[in-house]
Amino acid sequence: MATPIGNLGDLPPRAVEVLASVALVCCEDTRRTGKLLQHAGIRAERLAVCNEHTEYERIGDVLDVLGSGLDVAVVSDAGTPGISDPGERLVAAAIEAEHVVSAVPGPAASTMAVTISGFPSHRFVYEGFLPRKGRDRTDRLGEVADETRTIVLYEAPHRMQRTMADLLAVCGPDRGVAVSRELTKLHEETVRGTLGTIDVGEPRGEYVIVLAPVENAPVDASDDTVRALLADALEAGASTRDAAATVAEQTGRRRREVYQLAVDLDR
Ligand code: SAM
(Lines give C-alpha, C1' and ligand atoms only; values in the text may rest on other atoms or scores of the structure.)
Protein backbone atom coordinates (compact mmCIF):
# COMPACT_ATOMS: atom_id res chain seq x y z
CA MET A 1 0.00 0.00 0.00
CA ALA A 2 1.40 3.39 -0.99
CA THR A 3 2.14 6.07 1.59
CA PRO A 4 3.17 9.74 1.13
CA ILE A 5 6.57 10.69 -0.35
CA GLY A 6 6.78 13.87 1.67
CA ASN A 7 3.35 15.33 2.21
CA LEU A 8 1.15 13.64 4.80
CA GLY A 9 -1.91 15.02 3.02
CA ASP A 10 -1.22 12.45 0.29
CA LEU A 11 -2.08 9.39 2.38
CA PRO A 12 -4.93 7.78 0.43
CA PRO A 13 -8.17 7.56 2.45
CA ARG A 14 -8.52 3.88 1.57
CA ALA A 15 -5.00 3.27 2.94
CA VAL A 16 -6.20 4.60 6.30
CA GLU A 17 -9.16 2.19 6.27
CA VAL A 18 -7.00 -0.78 5.33
CA LEU A 19 -4.21 0.00 7.82
CA ALA A 20 -6.80 0.16 10.58
CA SER A 21 -8.35 -3.16 9.62
CA VAL A 22 -5.46 -5.56 8.95
CA ALA A 23 -4.00 -7.99 11.48
CA LEU A 24 -0.39 -7.18 10.59
CA VAL A 25 1.36 -4.17 9.04
CA CYS A 26 4.81 -4.91 7.60
CA CYS A 27 6.94 -1.78 7.47
CA GLU A 28 10.60 -0.78 7.05
CA ASP A 29 10.77 1.20 10.26
CA THR A 30 8.22 0.86 13.05
CA ARG A 31 8.94 4.35 14.41
CA ARG A 32 8.40 6.01 11.06
CA THR A 33 5.26 4.07 10.22
CA GLY A 34 4.09 4.50 13.81
CA LYS A 35 4.18 8.28 13.27
CA LEU A 36 2.20 7.96 10.05
CA LEU A 37 -0.40 5.84 11.80
CA GLN A 38 -0.57 8.31 14.63
CA HIS A 39 -1.10 11.14 12.15
CA ALA A 40 -3.96 9.17 10.59
CA GLY A 41 -5.44 8.43 14.02
CA ILE A 42 -4.96 4.67 13.68
CA ARG A 43 -3.83 2.09 16.20
CA ALA A 44 -2.48 -0.77 14.14
CA GLU A 45 -3.11 -4.28 15.42
CA ARG A 46 0.54 -5.34 15.01
CA LEU A 47 3.64 -3.92 13.27
CA ALA A 48 6.51 -6.06 11.98
CA VAL A 49 9.80 -4.86 10.52
CA CYS A 50 10.25 -5.79 6.88
CA ASN A 51 13.27 -4.14 5.34
CA GLU A 52 15.79 -5.22 2.72
CA HIS A 53 17.53 -7.44 5.30
CA THR A 54 14.48 -8.97 6.96
CA GLU A 55 11.99 -9.27 4.12
CA TYR A 56 12.92 -12.85 3.37
CA GLU A 57 12.62 -14.06 6.96
CA ARG A 58 9.29 -12.21 7.35
CA ILE A 59 7.66 -14.39 4.70
CA GLY A 60 6.82 -17.17 7.21
CA ASP A 61 4.99 -14.79 9.59
CA VAL A 62 3.08 -13.19 6.75
CA LEU A 63 1.97 -16.54 5.32
CA ASP A 64 0.89 -17.68 8.80
CA VAL A 65 -1.32 -14.63 9.24
CA LEU A 66 -2.76 -14.95 5.73
CA GLY A 67 -3.24 -18.69 6.26
CA SER A 68 -5.36 -17.99 9.35
CA GLY A 69 -7.72 -15.98 7.17
CA LEU A 70 -6.54 -12.51 8.27
CA ASP A 71 -5.11 -9.68 6.17
CA VAL A 72 -1.61 -8.20 6.00
CA ALA A 73 -0.62 -4.74 4.72
CA VAL A 74 2.86 -3.90 3.44
CA VAL A 75 4.11 -0.33 3.48
CA SER A 76 7.57 1.18 2.97
CA ASP A 77 9.06 4.33 4.47
CA ALA A 78 7.67 6.39 1.60
CA GLY A 79 5.89 5.87 -1.69
CA THR A 80 4.96 2.58 -3.25
CA PRO A 81 6.36 -0.66 -1.77
CA GLY A 82 8.31 -2.84 -4.17
CA ILE A 83 9.46 0.17 -6.21
CA SER A 84 13.13 0.36 -5.10
CA ASP A 85 11.75 -0.68 -1.71
CA PRO A 86 10.94 -3.96 0.05
CA GLY A 87 7.72 -5.72 -0.87
CA GLU A 88 8.40 -7.72 -4.01
CA ARG A 89 9.37 -10.95 -2.23
CA LEU A 90 6.39 -10.88 0.13
CA VAL A 91 4.07 -10.33 -2.80
CA ALA A 92 5.63 -13.20 -4.75
CA ALA A 93 5.37 -15.51 -1.72
CA ALA A 94 1.72 -14.63 -1.12
CA ILE A 95 0.88 -15.23 -4.78
CA GLU A 96 2.77 -18.52 -4.71
CA ALA A 97 0.68 -19.57 -1.68
CA GLU A 98 -2.44 -18.61 -3.65
CA HIS A 99 -3.57 -15.72 -1.44
CA VAL A 100 -5.37 -12.71 -2.89
CA VAL A 101 -2.93 -9.82 -3.40
CA SER A 102 -4.13 -6.31 -4.11
CA ALA A 103 -2.84 -2.75 -3.67
CA VAL A 104 -4.02 0.59 -2.44
CA PRO A 105 -2.43 2.81 -5.10
CA GLY A 106 -0.97 6.17 -4.24
CA PRO A 107 2.22 8.24 -4.32
CA ALA A 108 5.35 7.11 -6.17
CA ALA A 109 8.19 9.53 -6.94
CA SER A 110 8.80 7.84 -10.31
CA THR A 111 5.36 8.34 -11.85
CA MET A 112 5.05 11.84 -10.45
CA ALA A 113 8.41 12.84 -11.97
CA VAL A 114 7.57 11.34 -15.39
CA THR A 115 4.21 13.09 -15.40
CA ILE A 116 5.74 16.53 -14.88
CA SER A 117 8.94 15.98 -16.92
CA GLY A 118 7.46 17.15 -20.21
CA PHE A 119 8.92 14.07 -21.95
CA PRO A 120 6.84 11.33 -23.62
CA SER A 121 4.98 9.45 -20.91
CA HIS A 122 3.08 6.93 -23.02
CA ARG A 123 6.15 4.66 -22.85
CA PHE A 124 8.79 4.94 -20.17
CA VAL A 125 11.39 2.77 -18.45
CA TYR A 126 11.87 2.64 -14.71
CA GLU A 127 15.57 2.08 -13.95
CA GLY A 128 15.52 3.04 -10.25
CA PHE A 129 19.01 3.39 -8.78
CA LEU A 130 21.92 2.77 -11.16
CA PRO A 131 24.43 0.17 -9.96
CA ARG A 132 27.02 2.05 -7.89
CA LYS A 133 30.19 0.99 -9.67
CA GLY A 134 32.09 -1.31 -11.96
CA ARG A 135 31.00 -3.09 -15.06
CA ASP A 136 27.36 -3.23 -13.91
CA ARG A 137 27.24 0.55 -13.80
CA THR A 138 29.01 0.98 -17.12
CA ASP A 139 26.70 -1.49 -18.83
CA ARG A 140 23.57 0.08 -17.40
CA LEU A 141 24.73 3.57 -18.39
CA GLY A 142 25.25 2.23 -21.91
CA GLU A 143 21.70 0.89 -22.00
CA VAL A 144 20.35 4.21 -20.76
CA ALA A 145 22.30 6.05 -23.47
CA ASP A 146 20.58 4.06 -26.22
CA GLU A 147 17.12 3.88 -24.70
CA THR A 148 14.36 4.99 -27.06
CA ARG A 149 11.83 5.47 -24.26
CA THR A 150 11.77 8.04 -21.46
CA ILE A 151 13.88 6.80 -18.52
CA VAL A 152 13.38 7.33 -14.79
CA LEU A 153 16.29 7.12 -12.36
CA TYR A 154 16.39 7.55 -8.60
CA GLU A 155 19.43 9.06 -6.95
CA ALA A 156 20.66 9.99 -3.49
CA PRO A 157 21.90 13.58 -3.05
CA HIS A 158 25.52 12.65 -2.36
CA ARG A 159 25.74 10.74 -5.64
CA MET A 160 23.94 13.28 -7.83
CA GLN A 161 27.03 15.08 -9.15
CA ARG A 162 28.73 11.87 -10.20
CA THR A 163 25.63 10.39 -11.80
CA MET A 164 24.89 13.58 -13.75
CA ALA A 165 28.53 13.64 -14.93
CA ASP A 166 28.36 9.97 -16.01
CA LEU A 167 25.07 10.54 -17.83
CA LEU A 168 26.58 13.52 -19.65
CA ALA A 169 29.59 11.43 -20.64
CA VAL A 170 27.58 8.54 -22.10
CA CYS A 171 24.48 10.32 -23.40
CA GLY A 172 26.10 13.51 -24.68
CA PRO A 173 25.27 17.17 -23.92
CA ASP A 174 22.11 17.40 -26.04
CA ARG A 175 20.05 14.78 -24.25
CA GLY A 176 16.98 16.28 -22.58
CA VAL A 177 16.70 15.86 -18.82
CA ALA A 178 14.34 16.90 -16.04
CA VAL A 179 15.56 16.71 -12.45
CA SER A 180 12.93 16.75 -9.72
CA ARG A 181 13.76 17.13 -6.06
CA GLU A 182 11.75 17.08 -2.86
CA LEU A 183 8.54 16.16 -4.68
CA THR A 184 5.35 17.04 -2.75
CA LYS A 185 7.47 18.81 -0.09
CA LEU A 186 7.90 22.48 0.75
CA HIS A 187 11.00 22.85 -1.45
CA GLU A 188 9.73 20.85 -4.41
CA GLU A 189 11.55 21.86 -7.58
CA THR A 190 11.91 20.55 -11.13
CA VAL A 191 14.75 21.81 -13.32
CA ARG A 192 14.52 21.04 -17.04
CA GLY A 193 17.14 21.33 -19.76
CA THR A 194 19.82 19.21 -21.42
CA LEU A 195 22.62 17.23 -19.81
CA GLY A 196 25.08 19.80 -21.16
CA THR A 197 23.31 22.85 -19.75
CA ILE A 198 21.36 21.79 -16.68
CA ASP A 199 22.49 23.12 -13.31
CA VAL A 200 21.04 21.20 -10.38
CA GLY A 201 22.93 23.33 -7.84
CA GLU A 202 24.15 21.98 -4.53
CA PRO A 203 22.41 18.57 -4.23
CA ARG A 204 19.98 18.59 -1.35
CA GLY A 205 17.07 16.26 -0.64
CA GLU A 206 15.76 13.37 -2.70
CA TYR A 207 16.03 13.29 -6.49
CA VAL A 208 14.41 11.75 -9.52
CA ILE A 209 16.21 12.13 -12.84
CA VAL A 210 14.06 11.78 -15.95
CA LEU A 211 15.93 11.44 -19.24
CA ALA A 212 14.39 12.06 -22.63
CA PRO A 213 14.51 9.18 -25.13
CA VAL A 214 17.53 9.05 -27.44
CA GLU A 215 16.81 10.80 -30.70
CA ASN A 216 19.46 9.41 -33.07
CA ALA A 217 18.22 6.27 -34.73
CA PRO A 218 21.21 3.97 -35.17
CA VAL A 219 22.57 3.48 -38.70
CA ASP A 220 24.94 0.86 -40.05
CA ALA A 221 28.64 1.58 -39.74
CA SER A 222 30.49 -1.72 -39.44
CA ASP A 223 32.38 -2.71 -36.28
CA ASP A 224 35.61 -2.44 -38.26
CA THR A 225 34.84 1.15 -39.27
CA VAL A 226 33.99 1.98 -35.68
CA ARG A 227 37.19 0.32 -34.40
CA ALA A 228 39.31 2.25 -36.88
CA LEU A 229 37.74 5.58 -35.86
CA LEU A 230 38.10 4.66 -32.19
CA ALA A 231 41.75 3.73 -32.65
CA ASP A 232 42.39 7.15 -34.22
CA ALA A 233 40.62 8.97 -31.41
CA LEU A 234 42.40 6.97 -28.68
CA GLU A 235 45.74 7.47 -30.36
CA ALA A 236 45.06 11.20 -30.44
CA GLY A 237 44.79 11.06 -26.65
CA ALA A 238 41.01 10.90 -26.08
CA SER A 239 39.73 8.93 -23.09
CA THR A 240 37.74 5.75 -23.77
CA ARG A 241 34.54 7.59 -22.91
CA ASP A 242 35.26 10.63 -25.06
CA ALA A 243 36.40 8.49 -27.98
CA ALA A 244 33.22 6.41 -27.75
CA ALA A 245 31.03 9.51 -27.55
CA THR A 246 32.69 11.12 -30.57
CA VAL A 247 32.60 8.00 -32.73
CA ALA A 248 28.99 7.25 -31.80
CA GLU A 249 28.16 10.77 -32.89
CA GLN A 250 30.13 10.39 -36.15
CA THR A 251 28.68 7.02 -37.12
CA GLY A 252 25.19 7.16 -35.64
CA ARG A 253 25.94 3.81 -33.97
CA ARG A 254 24.56 3.13 -30.50
CA ARG A 255 26.71 4.63 -27.78
CA ARG A 256 26.60 1.45 -25.71
CA GLU A 257 27.98 -0.66 -28.56
CA VAL A 258 30.65 1.87 -29.45
CA TYR A 259 31.67 2.18 -25.83
CA GLN A 260 32.02 -1.59 -25.55
CA LEU A 261 34.20 -1.69 -28.69
CA ALA A 262 36.30 1.13 -27.24
CA VAL A 263 36.76 -0.71 -23.92
CA ASP A 264 37.78 -3.89 -25.77
CA LEU A 265 40.24 -1.93 -27.94
CA ASP A 266 41.74 -0.15 -24.96
CA ARG A 267 42.44 -3.41 -23.05
N1 SAM B 1 9.14 3.43 -3.14
C2 SAM B 1 9.48 4.80 -3.33
C3 SAM B 1 8.59 5.38 -4.43
O4 SAM B 1 7.61 4.76 -4.73
O5 SAM B 1 8.85 6.43 -4.95
C6 SAM B 1 10.95 5.01 -3.61
C7 SAM B 1 11.85 4.54 -2.51
S8 SAM B 1 13.55 4.70 -2.83
C9 SAM B 1 14.24 3.88 -1.47
C10 SAM B 1 13.92 6.35 -2.40
C11 SAM B 1 14.24 7.21 -3.61
O12 SAM B 1 13.03 7.62 -4.23
C13 SAM B 1 14.97 8.50 -3.28
O14 SAM B 1 16.38 8.30 -3.21
C15 SAM B 1 14.60 9.38 -4.45
O16 SAM B 1 15.38 9.05 -5.59
C17 SAM B 1 13.15 8.94 -4.71
N18 SAM B 1 12.23 9.78 -3.94
C19 SAM B 1 11.45 9.40 -2.90
N20 SAM B 1 10.74 10.45 -2.45
C21 SAM B 1 11.05 11.51 -3.22
C22 SAM B 1 10.65 12.88 -3.26
N23 SAM B 1 9.77 13.36 -2.39
N24 SAM B 1 11.18 13.67 -4.21
C25 SAM B 1 12.08 13.19 -5.09
N26 SAM B 1 12.51 11.92 -5.10
C27 SAM B 1 12.01 11.08 -4.18
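Whatever order the structure lists ligands and atoms in, that order sets their numbers, starting from 1.
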Contact check: D85 vs ligand 1, nitrogen or oxygen atoms, below 3.5 angstrom: yes
Numbered atoms and elements of ligand 1 in range of A108, under 4.0 angstrom, heavy atoms: 4 (O), 5 (O)
With respect to F129, determine whether any N or O atom, backbone or side chain, lies less than 3.5 Å from an N or O atom of ligand 1. no
Taking CZ in F129 as the centre, count heavy atoms belonging to other residues, nucleotides or ligands within less than 6.0 Å. Is the count above 12? yes
Nitrogen or oxygen of L183 less than 3.5 angstrom from that of ligand 1: yes
Is E127 salt-bridged to R140, cutoff N-O under 4.0 Å? yes
At what distance, to the nearest 0.5 angstrom, does CD of E28 lie from CG of D77? 4.0 Å
Can you report which non-hydrogen protein atom sits closest to atom 15 (C) of ligand 1, along with the distance? Y207 O, 3.4 Å
Run the salt-bridge test on R256 and D139 with the 4.0 Å N-O cut-off and return the result as yes or no. no
Main chain of D146, side chain of R254: is a donor-acceptor contact present, judged purely on distance under 3.5 Å? yes
Closer than 4.0 angstrom, basic N to acidic O: yes or no for R175 and E215? no
Under 4.0 Å between a Lys/Arg side-chain N and an Asp/Glu carboxylate O for R149 and E147? yes
Heavy-atom nearest neighbour in the protein, as seen from atom 2 (C) of ligand 1, with distance rounded to 0.1 Å: A78 O, 3.3 Å
Step through the shown structure and confirm whether more than 12 heavy atoms of other residues, nucleotides or ligands are within 6.0 Å of CZ on R204. no
Counting heavy atoms not belonging to K35, are there more than 12 under 6.0 Å from its NZ? no
Ligand-residue contact atoms, ligand 1 with K185, heavy atoms, under 4.0 Å: 23 (N)
Tell me: protein heavy atom nearest atom 4 (O) of ligand 1, and distance? T80 N, 2.9 Å
Any N or O on Y154 sitting closer than 3.5 Å to an N or O of ligand 1? yes
Measure the distance from atom 8 (S) of ligand 1 to every protein heavy atom, then report the residue, atom name and distance (to 0.1 Å) of the closest one. S84 O, 3.6 Å
The closest protein heavy-atom partner of atom 26 (N) of ligand 1 is V208 CG2, 3.4 Å
With rounding to the nearest 0.5 Å, note down the distance linking CD in E189 to OG in S180. 9.0 Å
Suppose we measure from atom 18 (N) of ligand 1 to each protein heavy atom; which comes out shortest, and what is that distance? A109 CB, 3.5 Å
Which residue and atom name correspond to the protein heavy atom nearest atom 25 (C) of ligand 1, and how close is it? E206 O, 3.1 Å
For ligand 1, which is the ligand I care about here, please tell me if I83 has any N or O atom under 3.5 Å from one of the ligand's N or O atoms. yes
Can you list the ligand 1 atoms lying under 4.0 Å from a non-hydrogen atom of G79? 3 (C), 4 (O)
So is there a nitrogen or oxygen of G6 less than 3.5 Å from a nitrogen or oxygen in ligand 1? no
For the residue pair D264 and Q260, confirm or rule out a side-chain donor-acceptor distance under 3.5 Å. yes
Just jot down the ligand 1 atoms closer than 4.0 angstrom to any heavy atom of E182, in number order. 23 (N), 24 (N), 25 (C)
Within the structure, does E155 bring an N/O atom to less than 3.5 angstrom of an N/O atom in ligand 1? yes
